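What follows is a set of notes on a single structure, which appears directly below.
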Amino acid sequence: MLTGSLRASLDAMPAVKERPLVLVVPGGGYDHVSPRECDPVALQFAAAGYHTAVLTYSVGEGAQNYRPLRQLNEALALLRQNAGEWHILPDKIAVCGFSAGGHLALSAAVLNIPGETAQQRPNAVILGYPVVAAGGVAHRGSVVPGSEDAAAQQAFTLEDKVTSDTPPVFVWHTMEDKTVPVENTLLLLAALRRAGVPCEAHLFEKGAHGTSISTAEVDAADPHRAHWVALCLEWLGETFGFKLS
């Protein structure tokens, strides 16, 4: 389900110009959808002039059979189908995912959904402390929920599925993250580098897992780590060629 202020904003501002959109995909280990990575993140992009939406996806047993990825695919299709009416630039839609939501966001860019003939891909990917690998550095709860089958879990590892067609990636992580080790991001960066995919990465020394925008209302405030938002906005503006006038 998509949530957010897109429809209300358009009703209030019918003359709004076409803009890129950032679709926020919260984390939660495929067990829940983390509130700290929903509206607080979307509001950062909205303040910078982007349309925003938040994806609430199935978790727990409901996450079987690629269901969250199918829901993300449906959301991207919905946004593009209504791009004209909603003043969205359909070729400038970024997904912004955190932790397991980062795994889901990156999956939309690199995984093929079984049986899906009209798969949607994002135009850019923004990742915060993402789950990437299904191997030794994986966060076990975030890979194939409910399954202990190694082969099934390996199908959801992502670093070996990056190709030259993968859209540009912005990623940040903390070196102190013990829940999803920074090696996940390092594996991803190596794969992006090999494939020649445009990417930008920021590794912060301090910070546990799940710090979102690193302000007091969502986690322990850290003005230095919070800079990832401004850095990301600069990168996304350059990637999409977008600047709020």
Side-chain angles (χ1 to χ4, degrees), residues 1-13 16-30 32-59 68 71-80 82-83 85-90 92-109 120 122-130 167-172 202 210-219 221-222 225-237 239-240 242-244:
M1 180 178 68
L2 286 171
T3 61
S5 59
L6 179 59
R7 168 55 60 188
S9 297
L10 290 174
D11 289 343
M13 299 182 292
V16 69
K17 71 174 185 178
E18 285 70 20
R19 302 181 183 192
L21 180 139
V22 177
L23 176 56
V24 178
V25 187
Y30 287 116
H32 66 285
V33 175
S34 173
R36 72 174 63 189
E37 294 154 354
C38 291
D39 288 355
V41 177
L43 289 171
Q44 302 299 307
F45 290 99
Y50 290 85
H51 290 314
T52 61
V54 175
L55 180 71
T56 301
Y57 53 92
S58 297
V59 296
Q71 291 169 324
L72 177 49
N73 191 61
E74 291 166 3
L76 290 169
L78 177 68
L79 292 168
R80 290 188 171 123
N82 292 279
E85 180 183 358
W86 294 348
H87 297 272
I88 299 167
L89 294 171
K92 295 182 179 180
I93 295 178
V95 290
C96 176
F98 298 82
S99 192
H103 179 270
L104 181 52
L106 185 59
S107 294
Q120 301 286 318
N123 305 109
V125 180
I126 300 164
L127 303 171
Y129 39 88
V169 174
F170 177 98
V171 58
W172 69 278
H202 296 275
T211 59
S212 184
I213 58 173
S214 297
T215 57
E217 66 268 28
V218 296
D219 199 83
D222 187 319
R225 191 171 61 245
H227 281 154
W228 80 261
V229 176
L231 293 165
C232 179
L233 288 169
E234 291 174 358
W235 174 84
L236 189 60
T239 299
F240 280 170
F242 174 74
K243 183 178 181 180
L244 183 62

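Not measured: the values here are computed from a predicted model.
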Worked verdict on I93 versus L79 for side chain to side chain contact (heavy atoms under 4.5 Å, CB included):
CA-CA 9 Å; I93 295 178; L79 292 168; 4.1 Å; yes
Non-neighbouring partners of [X] that pass side-chain hydrogen bond (donor to acceptor under 3.5 Å, both in side chains), sequence neighbours left out:
| X | value |
| --- | --- |
| S34 | none |
| T239 | none |
| N123 | R80 |

Under the salt bridge (Lys or Arg N to Asp or Glu O under 4.0 Å) test, which residues partner E234, sequence neighbours left out?
none
Locate the shortest heavy-atom distance separating [X] from [Y]; write the atom from each residue and the value.
| X | Y | answer |
| --- | --- | --- |
| L233 | Q44 | CD1-O, 4.4 Å |
| A216 | A221 | N-CB, 3.7 Å |
| A108 | L72 | CB-CD2, 3.5 Å |
| I88 | H51 | CG1-CD2, 4.0 Å |
| E37 | Y129 | OE2-OH, 2.6 Å |
| G28 | A100 | N-CB, 4.4 Å |

Could I get the full list of ring-ring contact (aromatic ring centres under 6.0 Å, His included) partners for [X], not counting sequence neighbours?
| X | answer |
| --- | --- |
| F170 | H202, W235 |
| F242 | Y50 |
| W228 | F98, W172 |

With sequence neighbours excluded, residues passing side-chain contact (heavy atoms from CB on, under 4.5 Å) with A230
none
For A226, side-chain contact (heavy atoms from CB on, under 4.5 Å) partners two or more places apart
S214
To the closest 0.5 Å, what do you measure between [atom1] ([X]) and [atom2] ([Y])?
| X | Y | atom1 | atom2 | value |
| --- | --- | --- | --- | --- |
| L127 | C232 | CG | SG | 9.5 Å |
| L104 | S99 | CG | OG | 11.5 Å |
| K92 | R19 | NZ | CZ | 13.5 Å |
| L21 | F240 | CG | CZ | 9.0 Å |
| H87 | K17 | NE2 | NZ | 13.0 Å |

Could you go through S212 and V41, starting from their C-alpha distance and side-chain angles, then the distance that decides it, and tell me whether this counts as side chain to side chain contact (heavy atoms under 4.5 Å, CB included)?
CA-CA 7 Å; S212 184; V41 177; 3.6 Å; yes
Side-chain contact, heavy-atom cut-off 4.5 Å: L236 with V22?
yes
Do you know which of P168, C96, P167, S107 makes side-chain contact (heavy atoms from CB on, under 4.5 Å) with V125?
P167
